[in-house]
Number of protein chains: 2
Amino acid sequence: MVQNTGRPGYLQIADDLRTQIRGGSLAPGTLLPSTAQLAEQYDASLSVVKMAVGILRNEGLVIGQQGKGVFVRDAEERPAGDEQADLAELRATVRDLSVRLAKVEEQLATSTSRRPGRSSR
Amino acid sequence: MVQNTGRPGYLQIADDLRTQIRGGSLAPGTLLPSTAQLAEQYDASLSVVKMAVGILRNEGLVIGQQGKGVFVRDAEERPAGDEQADLAELRATVRDLSVRLAKVEEQLATSTSRRPGRSSR
DNA sequence: TTCACCAACATAGTTAACCTAGTTGGCTTG
DNA sequence: CAAGCCAACTAGGTTAACTATGTTGGTGAA
């Protein structure tokens, strides 16, 4: 695997995994092989596998969970044809986050000015 | 730069550059500072800068030319219909914000109710 | 049995080193 | 002067090592 076509290895692996996901060969919810297993399977180094998985993660096709593994995302939770609704939902979420963040920031400001405490991080 | 917010450095740098590009602070056609300069500017390692630039390159915001540098892409020649990438990007940001906010909220809750202590683990 | 600890394995992030390849500008040589 | 070489830059790809953190299963003690 990962032949010398000029296309970088991490893109070849990402392409292959993406194809398998889109094609259903890797069903939603499926746990991908571990980084080490993929490295052996594609005869690549751990680094390029990590880069490939990072790309898919960035694309929202998979979700990595520390300590468990990398899972194929459900088709519903990943960008389907309904981008309008998705956008609307995202917007709503962002609004919610903004409100929550504002509250926290306010609390934090008053508590730190009033009461010296946890400051470092 | 690249403060310790829990958000990985390569994403912080990518966010910052993306903001500058979207905001017009880095106009289309502009030559970005070299990898080494960015590394110094953000006080980060070369590796994280390369990862950050790689993300923007993957998003189509910039184009790297070997031997010359990395240029900001014109808005028109950018992948126009690539709402997929936009959505993925937004989704990633929202996910990150949720996690960070949840952590802060929890910290705040415990620190206000009882002694600020880290007892987990 | 149940609880606590620990080793093994997982993703994730960071850093450093090395290599390839393209560009540019200056310097040397004919 | 002109041609060509070369050193110094650039981006890009690959690899390895290390750290942090989360999960899981087994082991041993109470």
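We name chains A, B, ... by the order of the sequence lines, and we start the count at 1 in each one. No hydrogens, no waters, no symmetry mates; every other heavy atom, side chains included, goes into these values.
Distance, Leu32(B) CG to dT10(D) C1': 13 Å, rounded to whole Å. Arg7(A) has its CZ atom 14 Å from the P atom of dG12(D), to the nearest Å. For the pair Glu40(B) CD and dC9(D) P, the computed distance is 14 Å after rounding to whole Å. The separation between Leu46(B) atom CG and dA11(D) atom P is 10 Å, rounded to whole Å. In this entry the distance linking CZ of Phe71(A) with C1' of dG22(D) reads 12 Å, nearest Å. Counting to the nearest Å, the P atom of dA12(C) and the CD1 atom of Ile55(B) are 13 Å from each other. Rounded to whole Å, the distance from CG on Leu38(A) to P on dC9(C) is 17 Å. Rounded to whole angstrom, the span from the CD1 atom of Ile63(B) across to the C1' atom of dG22(C) amounts to 16 Å.
Side-chain contact between Gln41(A) and Pro33(A) is present, with heavy atoms from C-beta onward closer than 4.5 Å.
Within 3.5 Å, a donor on the side chain of Lys50(B) pairs with an acceptor on the base of dG13(D), or the reverse.
The listed nucleotides are dA11(D), dT14(C), dT11(C); the one nearest the side chain of Met51(B) is dT14(C). Relative to the side chain of Lys68(B), the nucleotides dT23(C), dA12(C), dG22(C) differ in distance, and dT23(C) lies closest.
As judged by a 4.0 angstrom heavy-atom cut-off over every strand, Ser47(B) is placed among the base-contacting residues. Within 4.0 Å of Gly9(A), counting heavy atoms only, lie sugar-phosphate atoms of the nucleic acid but no base atom.
Judged by distance alone, the side chain of Gln12(B) and the main-chain N or O of Arg7(B) form a donor-acceptor pair under 3.5 Å. The backbone N or O of Gln37(A) sits nowhere less than 3.5 Å from a side-chain atom of Glu40(A) that would complete a donor-acceptor pair.
Between Arg57(B) and dA11(D), a side-chain N or O to OP1/OP2 separation shorter than 4.0 Å is absent. For Ser34(B), a side-chain nitrogen or oxygen approaches OP1 or OP2 of dT10(D) to under 4.0 Å. Contact annotation: Tyr10(B) side-chain N/O to dG13(C) OP1/OP2 distance is under 4.0 Å.
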Given the rule in the side-chain hydrogen bond (donor to acceptor under 3.5 Å, both in side chains) test, do Gln20(B) and Asp16(B) qualify, once you have shown the distances and angles that lead to the verdict? CA-CA 6 Å; Gln20(B) 290 188 50; Asp16(B) 191 63; 3.0 Å; yes
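For the pair Gln66(A) and Pro8(A), both in contact range of DNA chain D, the more 5′-proximal nearest nucleotide belongs to Pro8(A). The residue among Gly67(A) and Gly67(B) whose nearest nucleotide of DNA chain D lies closer to the 5′ end is Gly67(B).
Here the straight-line distance linking atom CG of Leu17(B) with atom CG of Leu38(B) works out to 6.0 Å at 0.5 Å rounding.
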